[in-house]
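What follows is a set of notes on a single structure, which appears directly below.
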Amino acid sequence: MIKILRRLTTGLILIVIISALNAGDTVSEVDLAQLQAPGLVNVVALGDSVTSGTNCNCSGFPQMYADALQAKRGKPVHVDNLGVGGLDSTGLLQSLNQDDSTAEVATARASVVLLTIGANDFGDHHDDVTSGQCTSDCVADEFEQLTVNLGKILNRIHVLRDHLPTTILMTGYWNVFKDGAVAQQQYPASGRVASDQLTVRTNSAIAAAAHADDATYVDIYSPFEDDATNITALLAPDGDHPNAAGHALIAQILLNATPSHLKTTVHKG
């Protein structure tokens with residue numbers, strides 16, 4: 001009888017912990033190191049306002065992705081969405097280098113890292129680009145810094161993970177600035193072309209960083225900009241962020257890019 005009660009108690013505790021995880025509790029609220037659920041996958045989403053879900057009126061693609069991954073695997077998935085509006089690559093690198101920061105702790109235990117960063121690196125040149133006055137030279141310094149930062153960010157992730165097997169999914173952008181009907185109203189044709197060119201170049205830098213590292217580049221540009229897709233239907237009213245449909249599309253693309261066999265090893269250092 002005592003053994004049965006112990007088993008029931010352990011089972012109830014496990015159910016409570018898993019329920020807390022699904023509710024989005026952080027590590028400070030649930031000690032994941034004590035979680036005994038086999039096959040648990042910890043996900044951390046690092047990035048800017050796209051990651052945070054700004055203006056989508058939805059749970060955001062990180063949570064959508066985690067829910068879909070859990071349904072697909074039939075095992076628990078916990079996600080920490082650490083997206084911050086306005087964050088650029090320098091800011092993300094700083095947060096990952098800050099001792100005992102939320103980003104450090106969450107990344108150290110995450111066997112899956114979702115990374116969306118880079119668009120805000122060019123914020124100071126928004127008007128120059130979207131007016132069509134900016135050439136590649138006007139963002140040369142920002143591109144050089146972004147390239148350096150991406151390499152350092154990836155290296156820092158590996159260090160925090162103690163170089164354990166980690167699935168890193170790096171997304172590009174459909175546009176680093178506004179798109180769809182809003183862009184058509186606010187930007188001249190030359191500005192829309194310049195914005196698109198900057199986006200393609202940014203995506204190439206992100207893809208190159210992923211290729212040089214043990215990471216996967218996830219193309220967001222093509223699905224959003226596909227001729228068969230009305231991109232406005234995927235964007236929030238501000239024209240700058242995905243709406244719920246856009247986030248659902250990103251989550252599905254990320255799920256498709258996720259390896260079928262995920263490592264679930266947690267760094268506990």
Side-chain angles (χ1 to χ4, degrees), residues 45-62 64 83-92 114-143 145-147 150 170-208 217-254:
L46 305 172
D48 50 33
S49 57
V50 176
T51 300
S52 70
T54 296
N55 293 339
C56 83
N57 294 318
C58 65
S59 60
F61 77 78
M64 293 179 181
V84 178
L87 190 70
D88 60 13
S89 62
T90 297
L92 176 56
L114 310 180
L115 182 59
T116 302
I117 200 70
N120 290 316
D121 287 49
F122 308 104
D124 289 343
H125 294 283
H126 172 273
D127 293 346
D128 295 331
V129 173
T130 58
S131 65
Q133 299 176 16
C134 179
T135 65
S136 59
D137 290 341
C138 83
V139 292
D141 291 342
E142 286 78 8
F143 260 107
Q145 189 63 59
L146 174 61
T147 300
L150 288 173
M170 301 177 66
T171 77
Y173 293 88
W174 62 94
N175 203 312
V176 295
F177 297 129
K178 296 178 181 180
D179 208 328
V182 174
Q184 291 176 2
Q185 295 169 1
Q186 296 185 3
Y187 307 154
S190 58
R192 297 196 299 273
V193 170
S195 180
D196 182 73
Q197 291 175 339
L198 176 58
T199 302
V200 171
R201 188 178 176 190
T202 300
N203 289 342
S204 295
I206 296 170
Y217 173 70
V218 180
D219 177 29
I220 300 298
Y221 181 92
S222 297
F224 268 73
E225 299 287 354
D226 192 295
D227 291 339
T229 299
N230 178 9
I231 191 169
T232 302
L234 298 173
L235 299 178
D238 63 5
D240 199 27
H241 300 94
N243 59 16
H247 276 273
L249 178 58
I250 295 173
Q252 184 60 53
I253 296 169
L254 286 167

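The figures here come from the full heavy-atom set of this structure, side chains too, leaving out hydrogens, waters and symmetry mates.
Looking at D179 and T199, their side chains never come closer than 4.5 Å, going by heavy atoms from C-beta outward. Residues H241 and C56 have side chains not in contact (no heavy-atom distance under 4.5 Å, counting atoms from C-beta outward). Looking at P223 and Q252, their side chains never come closer than 4.5 Å, going by heavy atoms from C-beta outward. Looking at heavy atoms from C-beta onward, L198 lies in side-chain contact with F143 at the 4.5 angstrom threshold. Considering only heavy atoms from C-beta on, L114 comes within 4.5 Å of F61 through its side chain. At a threshold of 4.5 Å between non-hydrogen side-chain atoms, the residues D240 and V182 do not count as touching. Contact check for I117 versus L46: no side-chain heavy atoms found under the 4.5 Å cut-off.
Checked by atom type and distance alone, the side chain of T229 never pairs as donor or acceptor with a backbone atom of E225 at under 3.5 Å. Between the side chain of N243 and the main chain of A233, a donor-acceptor pair closer than 3.5 Å is present. Without hydrogens or angle criteria, S52 side chain to S49 main chain gives a donor-acceptor distance under 3.5 Å. Distance alone, capped at 3.5 Å, places no donor-acceptor pair between the T116 side chain and the G47 backbone. T130 places no side-chain N or O within donor-acceptor distance of the main-chain N or O of G191, the cut-off being under 3.5 Å. Checked by atom type and distance alone, the side chain of D121 pairs as donor or acceptor with a backbone atom of S89 at under 3.5 Å. The closest donor-acceptor contact from the side chain of N120 to the backbone of L87 lies under 3.5 Å.
To the nearest 0.5 angstrom, M170 atom CE is 12.5 Å from L254 atom CG. Atom-to-atom distance recorded for R201:CZ and L146:CG is 10.0 Å, nearest 0.5 angstrom. To the nearest 0.5 Å, atoms OG1 (T51) and NE2 (H247) are separated by 8.5 Å. Taking SG from C134 and NE2 from H126, the interatomic distance works out to 12.0 Å, rounded to the nearest 0.5 Å. To the nearest 0.5 Å, atom CG of residue L249 and atom CD1 of residue I220 are 7.0 Å apart.
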Going through the distances and angles, do V193 and Y187 end up as a side-chain contact (heavy atoms from CB on, under 4.5 Å)? CA-CA 10 Å; V193 170; Y187 307 154; over 6 Å; no
Given the rule in the side-chain contact (heavy atoms from CB on, under 4.5 Å) test, do Y221 and T202 qualify, once you have shown the distances and angles that lead to the verdict? CA-CA 11 Å; Y221 181 92; T202 300; over 6 Å; no
Between T232 and Q184, does the side-chain contact (heavy atoms from CB on, under 4.5 Å) criterion hold? Intermediate values first, please. CA-CA 10 Å; T232 302; Q184 291 176 2; over 6 Å; no
Chi angles and distances behind the side-chain contact (heavy atoms from CB on, under 4.5 Å) call for W174, L234: CA-CA 11 Å; W174 62 94; L234 298 173; over 6 Å; no
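Nearest heavy atoms, Q145 versus T90: CG-OG1, 4.3 Å. Nearest heavy atom pair, residue A194 against residue G132, reads CB-CA, 4.4 Å. Contact between A205 and T147 at its shortest, heavy atoms only, is CB-OG1, 4.5 Å. Closest of all the heavy-atom pairs between A251 and M64 is CB-CB, 3.7 Å.
Within a 6.0 Å radius of CG in D226, more than 12 heavy atoms belonging to other residues, nucleotides or ligands are found.
Between F224 and Y173, the gap from one ring centroid to the other reaches at least 6.0 Å.
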